[in-house]
Structures are given as C-alpha cells and as structure tokens.
Novice: 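There's a structure below that I have some questions on.
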Amino acid sequence: MKENGQKSKYNMWQNSSFMIELAWTSKEKKVIILSLLSASMVVLLNIINLYISPSILSVLERHASIEELLMTIILFGLGLLIVSGLSAYIDSNVLYGRISVRSEIINLINRKAATTSYPNLNDEKFQGLLAKAGECTNSNRSATEAIWTTLTDLTSNILGFIFYIFLLMNVESILIVIVLVTALVSYFISNYLNTYGYRHRDEEAQYEKQMMYILSQSRDRSAAKDIRIFGLRPWIEELFNKVMDAYIAFHNKAEGVYIWARIIDLVLSFLRNGIAYIYLINIFVTSGISVAEFLLYFTAVSFFSQWVSGILSGLSTLYKQSLDISIVRECLEYPEIFKFAEGERLIPEKGQQYEIKLENVSFRYPNTSTNTLTNINLTLHRGEKLAIVGLNGAGKTTLIKLICGLLDPSEGRVLLNGKDIKDYNRKDYYMMFAAVFQNFSLLAGSIATNIAQSEDEIDMNKVKDSIAKAGLKKKIESLSKGYDTYLNREVYGDAIMLSGGEMQRLMLARALYKDAPFIVLDEPTAALDPIAESEMYQKYNEMTEGKSAIYISHRLASTRFCDRIILIDKTKISEEGSHEELLKRGGKYAELYALQSKYYQEGGLKDGE
C-alpha cells in the first residue's frame, strides 16, 4: 500500500472507466444508461424549478390574462410531475444493477483469493490488500457501489454547470470568475486533507487485520476447549480492546483532519456566495432590469454556485472512492508468482505413469536467514509409496508443498517426467494431486458436495463408491438424508458433526473421488491414537493401490508399509531406505523408532512389531 506521499496506481478517471467497463461486460449496461438518464432528470428538474417563479412573475408583470397565468402554472406543474415521476422510477430501478456490479467485484476478489499463487497467501502486502478490498465491497455505501451515485451526481452537475454558464453569460463574467476561484481553492485544500486516511491506510489495515484475527480465533470451534479450560476469554478480550482502542484513536485523529476540511469549505462557500449576491444586487439597482429577470439571475447564481460546488465535491468524493477502487484493482491485479493461463496445459491421463524429481532443491522462507531445506535430491518413482519422517519443524510439510507446486524452490528444480513444473499451468499441475493435509477444509454443503468438491455435475455413483471404499457407507446411509446430509453447523442448523475418525474417512473418500495420479497425506491423522492412525494409513494404502503416494507421519511405525522412507534432519535428507533397512542401519531413524515404541503397547506387543 501507499503512504508517505506515494500516489495511487490508478487515477479516478481510470477507475471510473474500469467500473463502466465492468458494468458493460458483466451484462449490467442498464446501470450506465439509467445513471445518465437520472443525471438528465436532475438537471431538467432544476431548470424547471429555476424558471417557474420568474415565468409566473413575468406573466403578472405583463398583466396577462388569468387563462395565461393558469396555463403557465399548469404546464410547469405537469412538467414537475412528469420529470419527478420519471426520476423516482429510474432511481428505484438503478439500485439492483449497482448491487450486481458490486457482487461481481466480490466474486472477482474471492476468485483471486482462492486461486492466487500460494506464496501470496503468506505475503503481508497481499493480505493487507485483500482485507481492505473486502472492506471496499461490504455494503451499499462502499466505493464499488457508491461510485455510481457519485458519477451520476457529477454528470448532472457538469450538465447543469454548462447550462448555467450560457445563462450567466448575460451577466458580467467577473461574477463567474469569483465563484470559480473560491470554489477551486476550497476544493484543493479539502482534497488534500480528505486523503489523510489513504496516506495512512497501512496503519489502518494493520489494526483491522489484528482485530479480524482475534475475532476468528475466538469463534474457532477448535479453540473453544482451550479458551474454556485455560480461561483465555479475559486475555482475548483484553487483546481485542487494546487493538480496538488503537483503531478508534486512529479514526478520531483522521476525523479531526476531516473536520478542518469541512470548516475551510464552509468559510469559502460563505465568502463566494456573499460576494456574488452583493454584485448581483448592484447590477439590479444600477441597470434597471425587471423583477422577473432579477429573480432569474439571483436564483441562477445560487444554483450556479451549487453546480460548481457539486462538481468539486463530486470530484473530491470520486477521488476518495477511486482510492478504494485502486485498492481493489491492485488486489485483483497483484502479481502472480506462478504461471496459470499462460503456462503449458497439463491434463492427467488415465493409466499414464508419472515421476516427480527434485534436483538440488533448497528453500528459504521470505525474511528468514536460514534454509528450511538444503540441496534435496529426491525422485518419487512411478507407483511408489514414499514416507517422509522427521522431528517437528524439520521441513516435512515444506517438502510436500514443493512437490505439490504450492511453493517454488529458492534454488534447484522440481520436475514432472523430466519437465520443470514452472512451465506448466499451475492450476493444471494441482490436478495431479489428491491431498489430505493436517488442516483440511469442510465446505458448508452436503456430504456429496464435500466429496465431489462441486455443486454441479456430481457423479453420485462415484461418490457412493468412494464412500464405500473409505468405510463410511453404513454411517452415511443410516442418516435420514443420506448423502444429502449437510455438514458445517455455522451455516446449516440441521447439519451433523462427524467424529474425528469419520472425518478422516470422509477426506479419504474425497481423495479417492478425485482419482489423481499422486496421493499426498500430510499428517492428517495426527489427532488419532497410534493404532487408529496405523489402521487408517493401511486403509489409504489399500485404496490407492497402483498410484504414487507420499505419507508424512510423526509416528514412524505408521509408515512401515511404504516402499521407501526418507528422514529429514537439519534441513537435509539424512537417511533413506525401507523400514527394515533403516532399523538395521542403527542411525537416527532406528533411535527415534526405538524411543517411540516404548509408548505404543497393545496386548504386550510393541506397536509395529
């Protein structure tokens, strides 16, 4: 984000064009047309109001007939009635289109968040933009919808300004100059003061990010037990209140700056209108114009000042809204680290054998001074079952992310059948994997939706087959709504809660449904006991026969069935081989295995023996 005088990436005309183009391409052209009609109605209504009193007064001055007077009143009354009715009808219908355009922007932001290069999700700048973009689209008053009101008002003010310029050309031009100069001075001073929030938006975003994090943690079901057992509520409330106080202090300071902008505008407006009225009264006294003409010009000067102020105020508002829309655009156009549409297409083929190879791969997270992984050389052979083990923090999950293409190496290459994965469309590359991570997602939808990861074109036969293979058929079919049973009680009141083991089987069914060439399990069973975990991994192994698979577990016995095991230690692969080979070697793996075996007993036998 920008501060310290840096300029926004886009100006208000570019952002206005962006919104107009978006309305046009999202099939909401009526928003543009109705906004123009609404602006025209405002000007027409103003002109009628401008001329109604002078026209009636002119009829009275000429001592015209009562019929002419009545006809004048009736015509103006009908004009007001028709234009007001049309204006109200247009305004009531334009709202829905404006909401649709804002909804389209929300969809674009959500799509960006869901598909952006994975490293961007850990990028503080992108996270700040994403949070602010959400704020800029969360209500009817948000810039992405309110801009249509501003553009409509600005258009009407410009049209009215042009009309009144021609009207006031019959008066001394100095009057027009006075109005313009004072209004312009007010505009530029107010505009600078009103951008205080934008110039300090990084600070504001930081407070918002902290509050959202605290709120999300306090509402997280997985944290509910800890909050109660350890009495964390007062501490969480204290943290939130501190951040909220800082957030309120920031806005109070900003409002103090904005108040000065309003005071300056008020003083200059009073000065501008006072000079204009005195000058016009002087013309009336010295030139002997009629009362009707005096009333017309007197009203016109007042309206002209309003048009000028309206234009400048509209520009100021448009500028502020443009800053918010710039944030949205910067978020949507945030640079992608990976190739997507421009990358080479990759379509997994049924029965095709694939091999992944890591060549001299090292990885270091941003803003850290040491490698997480160093000089990794590893090949996942066709149809091989590979286990990755090591102490917590050894880099196992990072290695998985590199293999899955969620991260790119700091050094070295990741190859798929000999080709660098950087050349592929990364979205296509993700289709090569069915992964179950420690923290998996549960959609607010039916069981079938969660298995298929889709609302449309669900293959129910495949869903049922995957559920059966995962060992959940009896459970699911015992439910009153079966496969249409909802999950996630945060959205559906009649949703069910699955046990930890049932959830694991549901994730297995999801992985089976995808039927990808590679299966990746990153400690998804960490919450289960050793025997249950071993049984679950064996289940995964049976169901993924013939596929390449990678297993991670901190319990070494759970992965003894794998063809090969690698031990990550001190950022490198320190040992490699089968379970039996590593035990015979008597190294770090054998030491860890012996240590763990002491704690896993059942029926007098060590787990895994």
Novice: With a cut-off of 6.0 Å (strictly less than), are more than 12 heavy atoms of other residues, nucleotides or ligands near NZ of K473?
Specialist: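 Counting other residues, nucleotides and ligands, NZ of K473 stays at 12 neighbours or fewer.
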Novice: Is there a side-chain contact between P409 and L402, using heavy atoms and a 4.5 Å cut-off?
Specialist: yes
Novice: Testing the 3.5 Å rule here: is there a donor-acceptor pair between the side chains of E355 and N417?
Specialist: no
Novice: According to ring pair (Phe, Tyr, Trp, His ring centres under 6.0 Å), who are the partners of F433, at least two apart in sequence or on a separate chain?
Specialist: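 With neighbours one apart ignored, the set is Y429, F518.
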Novice: Taking NZ, NE, NH1 and NH2 as the nitrogens, is one of them in K464 or E477 under 4.0 Å from a carboxylate oxygen of the other?
Specialist: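 Judged by the 4.0 Å cut-off on N to carboxylate O distance, K464 and E477 do not form a salt bridge.
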Novice: What I'd like to find out is whether the side chain of K514 reaches to under 4.5 Å of the side chain of R510, using heavy atoms alone.
Specialist: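 No. Closest side-chain heavy atoms not under 4.5 Å.
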Novice: Should the pair R564-E576 be classified as a salt bridge under the 4.0 Å nitrogen-to-oxygen rule?
Specialist: yes
Novice: For the CG atom of L506 and the CG atom of N450, what is their distance to the nearest 0.5 Å?
Specialist: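 Rounded to the nearest 0.5 Å, the CG-CG separation comes to 6.0 Å.
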Novice: I'd like to know if the side chain of E575 and the backbone of I566 have a donor-acceptor N/O pair within less than 3.5 Å.
Specialist: no
Novice: Applying salt bridge (charged side-chain N to carboxylate O under 4.0 Å, His left out), run through E344 and K419 and close with a yes or a no.
Specialist: CA-CA 11 Å; E344 183 179 333; K419 189 175 182 65; 3.3 Å; yes
Novice: Count the heavy atoms belonging to other residues, nucleotides or ligands that lie under 6.0 Å from CD of Q453, then report whether that count exceeds 12.
Specialist: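 Result for CD/Q453: enclosed.
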Novice: Hey, could you give me the CG/CZ distance between N371 and F363, rounded to the nearest 0.5 Å?
Specialist: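 One gets 9.5 Å once the value is rounded to the nearest 0.5 Å.
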Novice: Any ring pair (Phe, Tyr, Trp, His ring centres under 6.0 Å) pairs touching residues 120-148, not counting sequence neighbours?
Specialist: F126-Y334
Novice: Would you call the rings of Y589 and Y593 parallel, tilted or perpendicular, taking 30° and 60° as the class edges?
Specialist: parallel
Novice: Please assess S578 against D563 for the test side-chain hydrogen bond (donor to acceptor under 3.5 Å, both in side chains), listing each intermediate value before the final yes or no.
Specialist: CA-CA 6 Å; S578 67; D563 302 314; over 6 Å; no
Novice: Tell me whether E455 at atom CD has more than 12 heavy atoms from other residues, nucleotides or ligands lying less than 6.0 Å away.
Specialist: no
Novice: More than 12 foreign heavy atoms under 6.0 Å from OH of Y247: is that the case here?
Specialist: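 It does: Y247 OH has more than 12 such atoms within range.
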Novice: Please confirm whether the backbone N or O of C562 pairs with a side-chain atom of T559, one donor and one acceptor, at under 3.5 Å?
Specialist: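 A pair under 3.5 Å: no.
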Novice: Is the shortest side-chain heavy-atom distance between L479 and Y483 below 4.5 Å?
Specialist: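 A side-chain contact is absent here, since even the closest heavy-atom pair is not under 4.5 Å.
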Novice: Can you find a pair of side-chain heavy atoms, one from I447 and one from I476, that are under 4.5 Å apart?
Specialist: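 Yes. Closest side-chain heavy atoms under 4.5 Å.
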Novice: Out of L508, V520, D522, L521, which residue meets the side chain to side chain contact (heavy atoms under 4.5 Å, CB included) rule with V436?
Specialist: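 Of the listed options, the one satisfying the test is L521.
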Novice: What distance separates K29 NZ from L34 CG, expressed to the nearest 0.5 Å?
Specialist: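 Interatomic distance, K29 NZ to L34 CG, rounded to 0.5 Å: 13.5 Å.
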Novice: Between the side chains of E336 and K112, is the shortest nitrogen-to-carboxylate-oxygen separation below 4.0 Å, so that they form an ion pair?
Specialist: yes
Novice: Between D324 and K132, is there a salt bridge with N-O shorter than 4.0 Å?
Specialist: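 No, this pair does not count.
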Novice: Are the side chains of Y354 and K547 in contact, using a 4.5 Å heavy-atom criterion?
Specialist: no
Novice: Please report the closest heavy-atom contact between W24 and I32, naming both atoms and the distance.
Specialist: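 Nearest heavy atoms, W24 then I32: CE3-CD1, 3.8 Å.
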Novice: Do L358 and L399 have side chains that get closer than 4.5 Å, going by heavy atoms?
Specialist: yes
Novice: I want to check something: taking the side chain as every heavy atom from C-beta on, are I573 and L567 in contact at a cut-off of under 4.5 Å?
Specialist: no
Novice: Can you tell me if N241 uses its side chain to pair, donor with acceptor, with the backbone of E237 under 3.5 Å?
Specialist: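 At least one qualifying donor-acceptor pair exists.
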Novice: Tell me whether K427 forms a cation-pi arrangement with F340, defined as NZ or CZ under 6.0 Å from the six-membered ring centre and within 45 degrees of its axis.
Specialist: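 Pair K427/F340 does not count as cation-pi.
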Novice: Just checking Y365: does its OH atom have more than 12 heavy atoms from other residues, nucleotides or ligands closer to it than 6.0 angstrom?
Specialist: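 Atom OH in Y365 is crowded, with more than 12 foreign heavy atoms closer than 6.0 Å.
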Novice: Are more than 12 heavy atoms from other residues, nucleotides or ligands located less than 6.0 Å from atom CE of M460?
Specialist: yes
Novice: Given F561 and Y551, is the ring pair (Phe, Tyr, Trp, His ring centres under 6.0 Å) satisfied, shown in steps?
Specialist: CA-CA 10 Å; F561 64 86; Y551 300 87; 5.1 Å; yes
Novice: Could you give the distance from CD (Q127) to SG (C331), rounded to the nearest 0.5 Å?
Specialist: 9.0 Å
Novice: For D423, is there any backbone N or O sitting under 3.5 Å from a side-chain donor or acceptor partner on D420?
Specialist: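 Not at all, since once roles are kept as given, no pair shorter than 3.5 Å links the two residues.
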Novice: So, S117 side chain and I337 main chain: donor-acceptor pair closer than 3.5 Å or not?
Specialist: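 Yes, because the side chain of S117 sits within donor-acceptor range (under 3.5 Å) of the backbone of I337.
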Novice: Which pair of non-hydrogen atoms, one from L373 and one from A394, has the smallest distance, and what is that distance?
Specialist: CD2-O, 4.2 Å
Novice: Compute whether any side-chain donor of one residue and acceptor of the other, for R98 and T149, lie under 3.5 angstrom apart.
Specialist: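 Distance-only check passes for R98 and T149.
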Novice: For a quick check under 3.5 Å, do S139 and S142 share a side-chain donor-acceptor pair by atom type?
Specialist: yes
Novice: Does E28 form a salt bridge (charged side-chain N to carboxylate O under 4.0 Å, His left out) with K30? I'd like the steps, not just the answer.
Specialist: CA-CA 5 Å; E28 289 295 341; K30 64 177 178 289; 2.6 Å; yes
Novice: Mind checking ring pair (Phe, Tyr, Trp, His ring centres under 6.0 Å) for H381 and listing every partner two or more places apart, or none if nothing turns up?
Specialist: none
Novice: Check this for me, if you would: do D428 and R345 make a salt bridge, where the nitrogen-to-carboxylate-oxygen distance has to be below 4.0 angstrom?
Specialist: yes
Novice: For the OG1 atom of T137 and the CD1 atom of I327, what is their distance to the nearest 0.5 Å?
Specialist: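 That separation rounds to 11.0 Å.
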Novice: Going from NZ on K209 to CG on L130, what distance comes out if it is rounded to the nearest 0.5 angstrom?
Specialist: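 Between K209 NZ and L130 CG, I get 10.5 Å after rounding to 0.5 Å.
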Novice: Inspect the contact between R505 and E502 and indicate whether a charged nitrogen and a carboxylate oxygen are less than 4.0 angstrom apart.
Specialist: no
Novice: Please check if atom CD in E124 has more than 12 non-hydrogen atoms from other residues, nucleotides or ligands closer than 6.0 Å.
Specialist: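 No, not enclosed.
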Novice: Would you say that more than 12 heavy atoms from the other residues, nucleotides or ligands in this model lie under 6.0 Å from the NZ of K242, or not?
Specialist: no
Novice: Would you say the side chain of I519 lies within less than 4.5 Å of the side chain of L512, judging by non-hydrogen atoms?
Specialist: no
